[in-house]
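All residue numbers refer to positions in the sequence shown, counting from 1. Every number for a ligand or one of its atoms is a count from 1 in the order of the listing.
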Amino acid sequence: MTTRYRVEYALKTHRRDQLIEWIKGLLAVPFVLYSQPTGVFETNGFSTTQMSEEAHRRYAEIMRDIEVMIDDHINHQLDVNVRVLSKLKLLVPTIGNFFTRLPLEAAFKFQDRKRYISSRRFVSPSFNDVRLILNTAQLMAVTTYGSLRLATFDGDVTLYDDGQCLEPDSPVVPRMLDLLRKGVRVGIVTAAGYTTADRYYARLRGLLDAVANDPSLAPPQRQNLVIMGGEANYLFEFAPAAPHLLAPVPRDRWLTAEMAAWPEAGIAALLDVAEAALRDCVKNLNLPAVLTRKDRAVGIVPSDPAVRIPRESLEETVLVVQKILEMSVGSAGPGSGRAAPAVPFCAFNGGRDVFVDIGDKSWGVAVCQQWFGAGAGGADGGRIRPEHTLHVGDQFLSAGSNDFKARSVSTTAWIASPAETVDLLDELADFMGKKLS
Ligand code: IMP
Ligand code: MG
């Protein structure tokens, strides 16, 4: 049930994705002009099929126009001498960089066949329609213009329901094995921060056991799985002989050069400031929460698992803590080239809790790119390049949105549930198969 509160909450600017809203607005025009709501009762010489064909043609044209506009934006991105903003940047000021072009017309046609968007006469193309079209376009791009070498996945909500575990019978498991079988490297890049393998085994048992026991995987393919925990803080590699099938990798073997420069004192100071800010929020908002401090994170979790902290309070807490930390330490991203490294952090609403982690998923994905790219030589210091990487996650909009950060180092797909991840992986397998044949 959509309550009035939910509707109003969604209207807040920090809860809107400007690109998706803009595309939705463009598609609304042919919807208004060509949908025939009265066609259910009278045809006026315009059949249902004609209506949907006309709407399809118009929607597809718009998607092609946006595709061309993104190509132009990419040209602006690549040419450092161009000083003027792209037309897309003027229309959608929050737009970032694209690592691949996006075949939006083809992606629209694909999703229209699945979702019958053009056949609807009462419901216009929605936020979710556009989000799924963008995902499809991104999958088509990473499989068609190049090849997918690394897929990283968020944990909660992406691979399993919030706070749950990846069970052996999860439909995600065989699809991830299929990626490994095809030689794609897989990283689980989760905010869940644990220092020991047993905790990750408990959350990811279904996948780890399957990788260990699947006879069709060659031993080197099993090595193509890593877990990056605490956003960018703990790396575990798959190790068939290790207890819990995971071996922790010491930090000096995987920290990127930029990360190695983060001063320990700065990390501790940042967590101190975050802890004080979280404590203040618990007091001022009277939150039913307790504080938990780890070596690379600090958070608040419900004091009673049966109690939910109100969403407004979680969001308020994230925004307050973020502001306080930004004022006290500044921020940095991979490749930002800052001389004196500010320690980057990620404050986010996890749905039931709020955490502040050292680093964020852009660093976590970058570590996977370096780990699997080492020895590959070539450009980018042996890292797998952004256009050959896909990060799949659910947090692209809520306060702090930790998967959003991955957009600065890889292509991304935005899913809303584990069931959507399954659909996405089927689509991906389909496109990879078509390329091979
Ligand atoms: P993700 O969706 O896989 O990124 O996991 C996010 C969730 O992990 C958070 O909402 C928390 O419930 C949980 N979590 C456990 N430990 C940590 C931590 O150290 N930092 C952040 N999140 C944590
Ligand atoms: Mg998540």
Please list the nearest protein heavy atom to [atom] with its residue and the distance rounded to 0.1 Å.
| atom | answer |
| --- | --- |
| atom 14 (N) of ligand 1 | Ala192 CA, 3.6 Å |
| atom 12 (O) of ligand 1 | Asp353 OD2, 2.4 Å |
| atom 1 (P) of ligand 1 | Asp154 OD1, 2.9 Å |
| atom 3 (O) of ligand 1 | Thr190 OG1, 2.6 Å |

[X], any N or O under 3.5 Å of ligand 1 N or O:
| X | answer |
| --- | --- |
| Gly155 | yes |
| Gly193 | yes |
| Asp156 | yes |

For [X], the ligand 1 atoms whose distance to one of its heavy atoms is below 4.0 Å:
| X | result |
| --- | --- |
| Ala297 | 19 (O) |
| Lys361 | 4 (O) |
| Gly350 | 10 (O) |

> Short question: side chain of Arg120, backbone of Ser124 - any donor-acceptor pair under 3.5 Å?
Replying inline: yes
>> Between Thr421 (side chain only) and Thr158 (backbone N and O only), is there a donor and an acceptor less than 3.5 Å apart?
In response: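 Yes, because the side chain of Thr421 sits within donor-acceptor range (under 3.5 Å) of the backbone of Thr158.
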Residues [X] and [Y] bridged, charged N to O under 4.0 Å:
| X | Y | answer |
| --- | --- | --- |
| Asp178 | Arg181 | yes |
| Glu21 | Lys24 | yes |
| Asp129 | Arg115 | yes |
| Arg131 | Asp17 | no |

Looking at [X], I'd like to know if its [atom1] atom is crowded, meaning that more than 12 non-hydrogen atoms belonging to other residues, nucleotides or ligands lie closer than 6.0 Å.
| X | atom1 | answer |
| --- | --- | --- |
| Lys114 | NZ | yes |
| Phe404 | CZ | no |
| Tyr145 | OH | yes |

> For the Mg ion (ligand 2), which N, O or S atom of Asp394 is at the shortest distance?
Replying inline: OD1
> Which bit of Ala191 gets closer than 4.0 Å to ligand 1, counting heavy atoms only: side chain, backbone, both or neither?
Replying inline: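 It is both backbone and side chain that touch ligand 1.
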> Backbone, side chain, both or neither: what part of Asn402 comes under 4.0 angstrom of ligand 1, heavy atoms only?
Replying inline: side chain
> Given OD2 of Asp154 on one side and O of Asp156 on the other, what angle do they make at the Mg ion (ligand 2), to 10°?
Replying inline: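 The two atoms form an angle at the metal of about 80°.
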> So, does Arg352 sit close enough to ligand 1 that a heavy atom of it is under 4.0 Å from the ligand?
Replying inline: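 Checking ligand 1 against Arg352, which is what was asked, there is no heavy-atom contact under 4.0 Å.
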> Out of curiosity, is Asp357 lining ligand 1, as in a heavy atom under 4.0 Å away?
Replying inline: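 Contact check Asp357 vs ligand 1: positive.
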> What residue among Gln369, Arg383, His391 forms side chain to side chain contact (heavy atoms under 4.5 Å, CB included) with Val409?
Replying inline: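 It is Gln369, the one option of Gln369, Arg383, His391 that forms the side chain to side chain contact (heavy atoms under 4.5 Å, CB included) with Val409.
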>> Apply side-chain contact (heavy atoms from CB on, under 4.5 Å) to residues Leu88 and Phe98 and explain how you reach the verdict.
In response: CA-CA 12 Å; Leu88 184 64; Phe98 290 79; 4.2 Å; yes
>> As a check for students: among Arg199, Glu231, Lys294, identify the option with a heavy atom nearest to atom 19 (O) of ligand 1.
In response: Lys294
